[in-house]
Amino acid sequence: MTDNSRPARPVILGQNQYGKAENRVVKITRDGATHHIKDLNVSVSLSGDMDEVHYSGSNAHVLPTDTTKNTVYAFAKEHGIESAEQFGIHLARHFVTSQEPIKTARIRIEEYAWERIEASDANSRFIGADEAKHSFVRKGQETRLTQITYDGESWEVVSGLKDLVVMNSTNSEFWGYVKDKYTTLQEAYDRILATQVSSRWRFNWTDDEQRMPNWEKSYEQTRKHMLQAFAETYSLSLQQTLYQMGSRIIDNRSEIDEVRFSLPNKHHFLVDLEPFGLKNATEDGAVYFAADRPYGLIEATILRDGCEPKIPVDLTNL
């Protein structure tokens with residue numbers, strides 16, 4: 001009888017992982033009449049001793065993906081959600097330490113922010129001021145991100161954000177660039193600089209013996225330094241602005257060793273109004289055409305001196 005459990009040809013199983021993706025979990029915490037929301041999209045990916053399930057179909061080492069889904073919701077109730085990072089750490093530690101075949105757990109989380117709706121002064125006496133304590137509007141500025149990877153010994157935490165749209169309406173120039181026979185772009189000495197920030201930053205917290213960062217404060221402060229650098233840099237190129245944004249984070253946040261940015265240049269072109277007898281000068285307050293594509297795409301990693309880059313160059317799947 002032929003043993004069909006192993007491939008007859010010299011074919012070798014490579015890297016593999018499995019899990020339950022995009023578990024949407026919303027946790028409401030009640031502090032008396034004041035409520036708090038944590039709104040997450042959690043993806044669990046597990047790897048380890050999984051050869052047999054691929055070769056023979058044996059599920060003896062497989063924790064069902066449905067179980068990982070249930071664990072996400074149970075942990076949200078049992079442990080709460082202090083931060084996306086802390087929640088991911090609880091999950092990763094659980095999967096690696098509770099299931100011997102599982103050697104590595106990777107938890108990816110998107111967090112969607114909400115802010116409170118303020119009750120109007122006119123209506124507060126009728127509905128009660130407490131109404132605003134449990135009414136929220138979804139923030140649309142950016143999506144917070146984190147990825148936690150744990151192999152039973154060491155941690156890697158990479159957090160970040162995406163879809164944060166920012167603009168400087170002046171204090172930006174672009175000139176002195178290479179020109180050839182295909183160059184038509186005019187030099188600009190007063191232009192709009194706008195981009196949609198996608199960024200990831202890697203923490204130097206890697207084991208349980210180290211003091212864990214304050215994840216919520218770290219995100220808030222990293223975002224603040226990023227935005228302040230964007231606003232305060234007189235920009236001669238988007239690359240220069242990117243470097244200043246990363247440098248400000250590295251200089252001010254000791255828990256972060258590496259920052260990577262992907263910045264699409266959201267171009268704003270002056271509209272030609274000469275056919276209508278109108279001058280469209282920036283100093284007078286100009287009219288622009290906002291082009292969504294094609295766009296310049298500026299990407300770079302900023303590192304603390306002496307550190308090695310570990311964040312992937314392509315942020316698409318991180």
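Values below: every heavy atom of this structure, side chains too, minus hydrogens, waters and symmetry copies. All values reported here derive from a predicted model rather than from experimental measurement.
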Worked verdict on Q196 versus D163 for side chain to side chain donor-acceptor pair (under 3.5 Å): CA-CA 5 Å; Q196 184 169 318; D163 300 331; 2.8 Å; yes

Distance-minimising heavy-atom pair for W215 and Q86: NE1-OE1, 3.8 Å

Nearest heavy-atom neighbours spanning V259 and G246: CG2-O, 4.5 Å

Check: T71 and F95 side chains under 4.5 Å, non-hydrogen atoms: yes

Sequence neighbours excluded and cut-off under 3.5 Å, please list the side-chain donor-acceptor pairs for residues 167-175, or say none.
| from | atom 1 | to | atom 2 | distance (Å) |
| --- | --- | --- | --- | --- |
| N168 | ND2 | F230 | O | 2.9 |
| T170 | OG1 | D190 | OD1 | 2.8 |
| S172 | OG | R191 | NE | 2.9 |
| E173 | OE1 | W175 | NE1 | 2.7 |
| E173 | OE2 | Y234 | OH | 2.5 |

R138 atom CZ, over 12 foreign heavy atoms within 6.0 Å: yes

NE2-CE distance between H225 and M245, expressed to the nearest 0.5 angstrom: 13.0 Å

same_hphob_cluster(M50, Y55) at 4.5 Å side-chain heavy-atom cutoff: no

Spacing of CG belonging to D251 relative to CD belonging to Q244, to within rounding of 0.5 Å: 9.0 Å

Pair E232 + R248: basic N to acidic O under 4.0 Å: yes

Side-chain touch I37/I28, heavy atoms, less than 4.5 angstrom: yes

Verdict with reasoning, E85 to K38, per salt bridge (Lys or Arg N to Asp or Glu O under 4.0 Å): CA-CA 12 Å; E85 289 85 355; K38 280 292 185 180; over 6 Å; no

Among R223, K224, M226, R304, side-chain contact (heavy atoms from CB on, under 4.5 Å) partner for I249: M226

Distance under 6.0 Å and angle within 45° of ring axis: K77 vs F75: no

F276 vs E274 side-chain heavy atoms within contact, under 4.5 Å: no

Straight-line distance of R106 CZ to S45 OG, nearest 0.5 Å: 4.0 Å

Donor-acceptor contact below 3.5 Å, side chain E258 vs main chain I311: yes

Pairwise ring pair (Phe, Tyr, Trp, His ring centres under 6.0 Å) hits with a residue in residues 11-43, at least two apart: H35-H134

Side-chain donor-acceptor contact under 3.5 Å, T233 with T241: no

Within one Ile-Leu-Val-Met-Phe-Trp-Tyr cluster: I250 and L227, side-chain cutoff 4.5 Å: yes

Stepwise side chain to side chain donor-acceptor pair (under 3.5 Å) test for T34 and D31: CA-CA 5 Å; T34 301; D31 181 11; 5.7 Å; no

Ionic contact status for E142 with K139, cut-off 4.0 Å: no

Main-chain N/O of V96 paired with Q99 side-chain donor or acceptor, under 3.5 Å: no

Nearest atoms (heavy-atom pairs only) where D180 meets Y182: OD1-N, 2.8 Å

Shortest non-hydrogen separation from I107 to G88 and the atoms involved: CG1-O, 3.6 Å

Side-chain donor or acceptor of D314 paired with backbone N/O of P312 under 3.5 Å: no

K103 side-chain N/O to E100 backbone N/O, donor-acceptor pair under 3.5 Å: yes

Close side-chain approach of T195 to N265, heavy-atom, < 4.5 Å: no

Donor-acceptor contact present, side-chain W201 to main-chain F203, <3.5 Å: no

Distance, nearest 0.5 Å, that separates CD1 of I109 from CD of Q147: 10.5 Å

Sidechain-backbone polar pair: Q221 side chain, K217 backbone, donor-acceptor under 3.5 Å: no

Residues E110, K162: salt bridge by 4.0 Å N-O rule: yes

Whether W155 and Y150 hold their rings parallel, tilted or perpendicular, with breakpoints at 30° and 60°: parallel

CD1 on I12 to CG on D51, rounded to 0.5 Å: 10.5 Å

Aromatic plane relationship, H79 with H90 - under 30° parallel, 30 to 60° tilted, over 60° perpendicular: parallel

Nearest heavy atoms of F261 and S199, plus distance in Å: CE2-OG, 3.4 Å

Any donor-acceptor N/O pair, T68 side chain to T65 backbone, under 3.5 Å: yes

Sidechain N-carboxylate O distance under 4.0 Å for R24, D39: yes

Heavy-atom donor-acceptor pair, Q210 side chain to N204 backbone, under 3.5 Å: yes

Side-chain donor/acceptor of S218 to backbone N/O of N214, under 3.5 Å: no

Check: D207 and E153 side chains under 4.5 Å, non-hydrogen atoms: no

S47/Q15 under side chain to side chain donor-acceptor pair (under 3.5 Å): CA gap, chis, key distance, verdict: CA-CA 8 Å; S47 58; Q15 194 280 337; 5.1 Å; no

Separation between CG of D151 and CD1 of I102, rounded to the nearest 0.5 Å: 13.5 Å

Charged tip of R144 within 45° of Y112 ring normal and under 6.0 Å: no

N70-T67 side chain donor-acceptor pair, cut-off 3.5 Å: no

Side-chain donor-acceptor distances from residues 285-303 under 3.5 Å, at least two apart:
| from | atom 1 | to | atom 2 | distance (Å) |
| --- | --- | --- | --- | --- |
| E299 | OE2 | S262 | OG | 2.8 |
| T301 | OG1 | R260 | NH1 | 2.7 |

Salt-bridge criterion met for E308 and R202 (N-O under 4.0 Å): no

Cluster link V166 to L161, ILVMFWY, side chain under 4.5 Å: yes

V158-V42 co-clustered via ILVMFWY side chain contacts under 4.5 Å: no

N23 side-chain N/O to K20 backbone N/O, donor-acceptor pair under 3.5 Å: yes

